[in-house]
Amino acid sequence: QVQLVESGGGSVQAGGSLRLSCVASGYTNSRYCMGWFRQAPGKEREGVAGIYTGSGSTYYADSVKGRFTISRDNAKNTTYLQMDSLKPEDTAVYYCAADPLRPWQTGSYCGTVFRRDQHNYWGQGTQVTVSS
């Protein structure tokens, strides 16, 4: 099975930056939807950013557009989330997620997976705390 390990979380002041990394192992498929989700205390988990490993197409929540950037290095099985201009409301546990595509599915499926929070594999999470 796919295993995901996140790193890079920490505490920063508002306006600061962090870069999260997600290293994947156990891949059995060459095409995946990768995503970053977050969950703050007392709130539901929400999608932050998604990416299709085939074409590199990306998806972002409106709340992070222009501030966060998702990218991937397929050769290293690593997905990144660059977070700039951080705000206190960004404080949450951030999770990396992956979902393999079936042969009949196109990369556009990743948009659906991102919107519906339907990734099959999840990492353990990494804490991000932004103080004002």
Side-chain angles (χ1 to χ4, degrees):
Q1 294 186 335
V2 174
Q3 293 183 327
L4 306 173
V5 179
E6 303 100 329
S7 63
S11 298
V12 298
Q13 295 281 74
S17 298
L18 285 173
R19 189 192 194 197
L20 306 183
S21 298
C22 172
V23 179
S25 62
Y27 273 73
T28 60
N29 193 301
S30 62
R31 301 189 305 145
Y32 282 83
C33 306
M34 301 296 300
W36 286 97
F37 292 75
R38 67 187 181 187
Q39 187 165 27
K43 296 184 178 181
E44 295 184 348
R45 185 170 62 195
E46 63 176 344
V48 176
I51 190 168
Y52 170 47
T53 62
S55 66
S57 297
T58 57
Y59 313 89
Y60 293 97
D62 288 340
S63 60
V64 305
K65 286 182 178 178
R67 299 190 298 121
F68 292 9
T69 303
I70 187 171
S71 61
R72 88 293 181 195
D73 186 333
N74 288 341
K76 297 181 179 180
N77 289 328
T78 302
T79 305
Y80 305 96
L81 184 67
Q82 178 66 43
M83 304 185 293
D84 298 320
S85 301
L86 283 162
K87 304 175 181 180
E89 50 263 45
D90 294 319
T91 296
V93 176
Y94 283 70
Y95 297 92
C96 179
D99 195 50
L101 274 71
R102 302 277 70 82
W104 58 88
Q105 294 173 321
T106 65
S108 62
Y109 173 73
C110 292
T112 299
V113 170
F114 177 69
R115 292 191 299 271
R116 297 182 179 179
D117 191 2
Q118 294 180 334
H119 294 77
N120 289 337
Y121 303 99
W122 296 86
Q124 82 288 350
T126 184
Q127 177 70 47
V128 171
T129 302
V130 184
S131 59
S132 60

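Only this structure's heavy atoms are used, side chains among them; waters, hydrogens and symmetry mates stay out. Predicted model only: the values in this text are computed from it and were never measured. All residue numbers in this chain count up from 1 along the given sequence.
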Quiz item: When rounded to the nearest 0.5 angstrom, what distance separates CG in Asn77 from CD in Gln3?
Solution: 12.5 Å
Quiz item: Among all residues two or more places apart in sequence or in another chain, which pass the salt bridge (Lys or Arg N to Asp or Glu O under 4.0 Å) test with Lys43?
Solution: none
Practice problem: Kindly give the heavy-atom pair with the smallest separation between Gly47 and Ala61, and that separation in Å. | Solution: O-CB, 3.3 Å
Quiz item: Taking only residues two or more places apart in sequence or in another chain, which ones pass side chain to side chain contact (heavy atoms under 4.5 Å, CB included) with Thr69?
Solution: Tyr60, Gln82
Quiz item: When rounded to the nearest 0.5 angstrom, what distance separates OH in Tyr121 from CG in Asp99?
Solution: 8.5 Å
Quiz prompt | Reported CE-to-CZ distance for the pair Met83 and Arg19, which is rounded to 0.5 angstrom | solution = 11.5 Å
Quiz item: Rounded to the nearest 0.5 Å, what separation is found between the CG atom of Leu4 and the OG1 atom of Thr79?
Solution: 8.0 Å
Quiz item: Is there a chain of hydrophobic side chains (I, L, V, M, F, W, Y, each step under 4.5 Å between heavy atoms) that links Leu81 to Leu18?
Solution: yes
Quiz item: Same hydrophobic cluster for Leu86 and Val64, using side-chain heavy-atom links shorter than 4.5 Å among ILVMFWY?
Solution: yes
Self-check item: Closest approach of Phe114 to Tyr59 (non-hydrogen atoms, all atoms of both residues)
Solution: CD2-CB, 3.8 Å
Practice problem: Provide the full list of disulfide (SG to SG under 2.5 Å) pairs with a residue in residues 45-84, sequence neighbours left out, each pair given once. | Solution: none
Quiz item: Is there a donor-acceptor contact under 3.5 Å from the side chain of Ser57 to the main chain of Tyr52?
Solution: no
Quiz item: Among pairs that include at least one residue of residues 120-132, which meet salt bridge (charged side-chain N to carboxylate O under 4.0 Å, His left out), considering only residues two or more places apart or in two chains?
Solution: none
Quiz item: Do Met34 and Val48 belong to the same hydrophobic cluster, where Ile, Leu, Val, Met, Phe, Trp and Tyr are linked whenever their side-chain heavy atoms lie under 4.5 Å apart, directly or via other members?
Solution: yes
Exercise. Among residues two or more places apart or on two chains, list those pairs meeting salt bridge (charged side-chain N to carboxylate O under 4.0 Å, His left out) that have a residue in residues 46-61.
Key: Arg38-Glu46
Practice problem: Please name the pair of heavy atoms, one in Asn120 and one in Pro100, separated by the smallest distance, quoted to 0.1 Å. | Solution: ND2-CD, 3.9 Å
Quiz item: Going from OG1 on Thr58 to CZ on Phe68, what distance comes out if it is rounded to the nearest 0.5 angstrom?
Solution: 14.5 Å
Quiz item: side-chain hydrogen bond (donor to acceptor under 3.5 Å, both in side chains) with Ser25: which residues, sequence neighbours excluded?
Solution: none
Quiz item: Checking Glu6 side chain against Gln124 main chain: does a donor-acceptor pair fall under 3.5 Å?
Solution: yes
Quiz item: Excluding sequence neighbours, so at least two apart, what forms side-chain hydrogen bond (donor to acceptor under 3.5 Å, both in side chains) with Ser131?
Solution: Gln13
Quiz prompt | Taking every non-hydrogen atom, the tightest pair across Ser108 and Thr106 | solution = OG-OG1, 2.8 Å
Quiz prompt | Shortest non-hydrogen contact from Ile51 toward Ile70 | solution = CG2-CD1, 3.7 Å
Quiz item: Should the ring pair Phe37 and His119 be called parallel, tilted or perpendicular, given that the plane angle runs from 0 to 90° and is split at 30 and 60?
Solution: perpendicular
Quiz item: Which residues satisfy the ring pair (Phe, Tyr, Trp, His ring centres under 6.0 Å) test with Tyr94, sequence neighbours excluded?
Solution: none
Quiz item: Which residue pairs pass the salt bridge (charged side-chain N to carboxylate O under 4.0 Å, His left out) test with at least one member in residues 114-132, sequence neighbours excluded?
Solution: Arg45-Asp117
Quiz item: Going hydrophobic residue to hydrophobic residue with side-chain gaps under 4.5 angstrom, can you get from Trp36 over to Val23?
Solution: no
Quiz item: Restricting to pairs with a member in residues 67-89, which pass salt bridge (charged side-chain N to carboxylate O under 4.0 Å, His left out), not counting sequence neighbours?
Solution: Arg67-Asp90
Self-check item: Minimal non-hydrogen separation, Ser17 against Ser85, with atom names
Solution: OG-N, 4.3 Å
Exercise. Identify, with sequence neighbours excluded, every residue that meets side chain to side chain contact (heavy atoms under 4.5 Å, CB included) alongside Val93.
Key: Tyr95, Gln127
Practice problem: Not counting sequence neighbours, list each pair that qualifies as a disulfide (SG to SG under 2.5 Å) and has a residue in residues 73-132. | Solution: Cys22-Cys96, Cys33-Cys110
